[in-house]
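Scroll down for the structure; my scribbles are underneath it.
In what follows, chains are A, B, ... by sequence order, proteins preceding strands, each numbered from 1. Please read all numbers here as calculations on a predicted model, not as lab measurements.
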Protein chains: 2
Amino acid sequence: MATTQRAAVDRPPTIHDIAALCGVAASTVSRALSTPDRVNIRTRQRIEAAAAQLNYIPNSQAKALSSGRTGAVGVLVPDITNPFYFDLIRGTQLQLKAAGYTQLLVDTEESDEVEASTMEQLRKSADGIVVAASRLTDEALLAAAAKMPMVTVNRDVHGVPAVLIDTPSATTQALDHLISLGHTRIAYMAGPLTSQSSTRRWTTLSEAAEERGVEVRLLGPFAPKTQSGAAAADAAVHSRVTACIAFNDLIAIGMLQRLRERGIRVPEDMSIVGCDDIFGADFCNPPLSTMASPIEQAGRVAVSMLLAQLNPLAGGGTRSRSVMPTHLKVRGSTGPAPARQDSLT
Amino acid sequence: MATTQRAAVDRPPTIHDIAALCGVAASTVSRALSTPDRVNIRTRQRIEAAAAQLNYIPNSQAKALSSGRTGAVGVLVPDITNPFYFDLIRGTQLQLKAAGYTQLLVDTEESDEVEASTMEQLRKSADGIVVAASRLTDEALLAAAAKMPMVTVNRDVHGVPAVLIDTPSATTQALDHLISLGHTRIAYMAGPLTSQSSTRRWTTLSEAAEERGVEVRLLGPFAPKTQSGAAAADAAVHSRVTACIAFNDLIAIGMLQRLRERGIRVPEDMSIVGCDDIFGADFCNPPLSTMASPIEQAGRVAVSMLLAQLNPLAGGGTRSRSVMPTHLKVRGSTGPAPARQDSLT
DNA sequence: GGCGAAATGACAATCGGTTGCCAATGTTTG
DNA sequence: CAAACATTGGCAACCGATTGTCATTTCGCC
């Protein structure tokens, strides 16, 4: 069996090996494999058989170089260790694999410079990119989108296709939830200033608060890490609010830890609402009330939108904006407001 | 400013553009950029200036095709959503970026087939691979390692360079910890059968238990997910042990949740020890006693070993095996054994 | 001043495919 | 039966870099 091998040493087989084996030109092999219709079916079958026999695997570099298409899609996230992105990444990976694409995952380290240089780098090694929670300015993003197909996640820039997670509406749900529990002094623990999600959420929240006649303070900004939760918790305590809506679960979980250290009970003394329903939100102490979304699905949708851009075949107009629903998930970190002990300062 | 641009349309600049701009041959440009010593310093500076002016970025595909080196390294993990791999991935990414390499991250979905086909795929698009917790057989791994530079993480196959995490020694620490708390009936909640880590850990554990004259039962196997924790918890309760050492934190955390549901107190009624000290281990309820290791460092070391293999320049002999230390981190999920209520069945 | 060695730059082949173009073949139709 | 057409296969250029070879230049040295 094994000795049936041609003299083809150990080097991976190329289309030339197949061509030699079948007695046709290399270009015919190429066509047989990529444009099957343009080749006699018998020849094609011979070629396919030979390819299978040699265990042929096309060289993606060469393919990319000559055709211009790389068959790869870049996925940029600000921080791989942020659990929020796990499901997103998994979603993109699954959808890409299903379409025969390769995923190039890059952690941009929450840096706009790394993000920009990565995009430049990817310009020739990927057919398109999915950019989650970009730290770039609108202008920079728009310029980058002009150079290569792009879909953003959680970032709304006119002219750039995007998958948006509808946290604003869930934020309102969270606010109503807290109000119904008797809270009137509430804080929003903001995320990074460069995060559009955080800004949008705050806008929605302050408007909704005004309509409802309750006070919502803006505290922060805080880095989206559990470590920042300590500062956030202290700020919340200091500003004497009875409930907090955090930019994300990492901050919220960090707050839970800090409040526990300080002997402040959750939810008896302070209610906390997170956002994203990340891994850990269900088993922290107490379990975190949070705003949940179909993140993995967001990843899939982002990829679908990108691929539609890349292969604008049959389908009608390309959707340029997709909004994922979000809903409040009530767990143990929210409860009735404590009895009023002091007046507003 | 912007109009100073040459007629070079919008297409990314190539070495030919630089060559034309400088009035030299393309090959000279190539040499100037990759073998600076072999080119007149004045010419070189002119070329570098031109490259900077044109904002030249080498085409990695073309580079790979002609030189055979891709400048990329594949990193294969069984499950991206397993927090254990976060720090590992971050470690590899940092070290690779520092060395000017690109990371190709692939989730092999805990499947040996996906793993094998990914390796084949990567054979031409990466210079080497780091394989974490491989699901392949020793033979398959060895064969794959013969075809391309490889470093494994948490998998010891003779002839394949590896970074090993010394959980066995920490397992013994965990056992002593539990014994000192009065536990005599202990269970090991095993991971996947194909996981060598799990097997090694069990071997160490059962030997140590024998030496110490305590009983340690093998329960499982359980999938390394929190969802499996429920089954694991029930199995533990059924077998009437007072303490469990879980294959990893995911299972351990799942057990905590299930035990809480069933009204079994941790650590009063049952002690739980996890492994890996993943994100979440410090804020679950109760905080998990677990075995911690410098995972990010493991990632860096793996990459260093791989790069040493790729560029066997100055350095002496290539290290082929590196063991990362592990220690027990005692938190709230372990405590004194409950008073004996029944005899061994 | 002239010789040889070292330094340098240009040319061309090469990596492994894709693709435009043309020729050869086969088929249908007038 | 021939002409027009459709189908198929092969040649060769090309993608953007690397690299071996060789001619030329430069420089040092006797």
Go through the steps for A/Thr81 and B/Asp87 under the test side chain to side chain contact (heavy atoms under 4.5 Å, CB included), then give the verdict. CA-CA 7 Å; A/Thr81 62; B/Asp87 289 323; 4.2 Å; yes
Pairing of A/Arg90 and B/Glu109 as salt bridge, 4.0 angstrom limit: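 No, no charged N to carboxylate O under 4.0 Å.
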B/Asp138 with B/Arg155: basic N within carboxylate O range, under 4.0 Å: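 Yes, this pair counts.
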Would you mind reporting whether B/Val29 and B/Val24 have side-chain heavy atoms less than 4.5 Å apart?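 Of all side-chain heavy-atom pairs linking B/Val29 with B/Val24, at least one is under 4.5 Å.
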Contact class for B/Thr43 (heavy atom, under 4.0 Å): base, sugar-phosphate, or nothing?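 Result for B/Thr43 = sugar-phosphate.
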Nearest-Å distance, [atom1] ([X]) to [atom2] ([N])?
{"X": "B/Arg46", "N": "C/dG9", "atom1": "CZ", "atom2": "C1'", "answer": "11 Å"}
{"X": "A/Ile18", "N": "C/dG16", "atom1": "CD1", "atom2": "P", "answer": "13 Å"}
{"X": "B/Arg42", "N": "D/dT26", "atom1": "CZ", "atom2": "P", "answer": "11 Å"}
{"X": "A/Ile41", "N": "D/dA6", "atom1": "CD1", "atom2": "C1'", "answer": "18 Å"}
{"X": "B/Asp37", "N": "C/dT8", "atom1": "CG", "atom2": "P", "answer": "9 Å"}
{"X": "A/Asn40", "N": "C/dT25", "atom1": "CG", "atom2": "C1'", "answer": "11 Å"}

Can you pull the salt bridge (charged side-chain N to carboxylate O under 4.0 Å, His left out) pairs that have at least one residue in residues 55-76 of chain A, sequence neighbours excluded?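 Every candidate salt bridge (charged side-chain N to carboxylate O under 4.0 Å, His left out) pair involving residues 55-76 of chain A fails, so no pair, neighbours aside, qualifies.
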Readout for nucleotides 15-22 of chain D: B = base within 4.0 Å of protein heavy atom, S = sugar-phosphate only, - = neither; 5' to 3' it is BBBBBBB-
Among all residues two or more places apart in sequence or in another chain, which pass the side chain to side chain contact (heavy atoms under 4.5 Å, CB included) test with A/Glu115?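 With neighbours one apart ignored, the set is A/Leu76, A/Thr108, A/Met119, A/Val131, A/Ser134, A/Arg135, A/Leu136.
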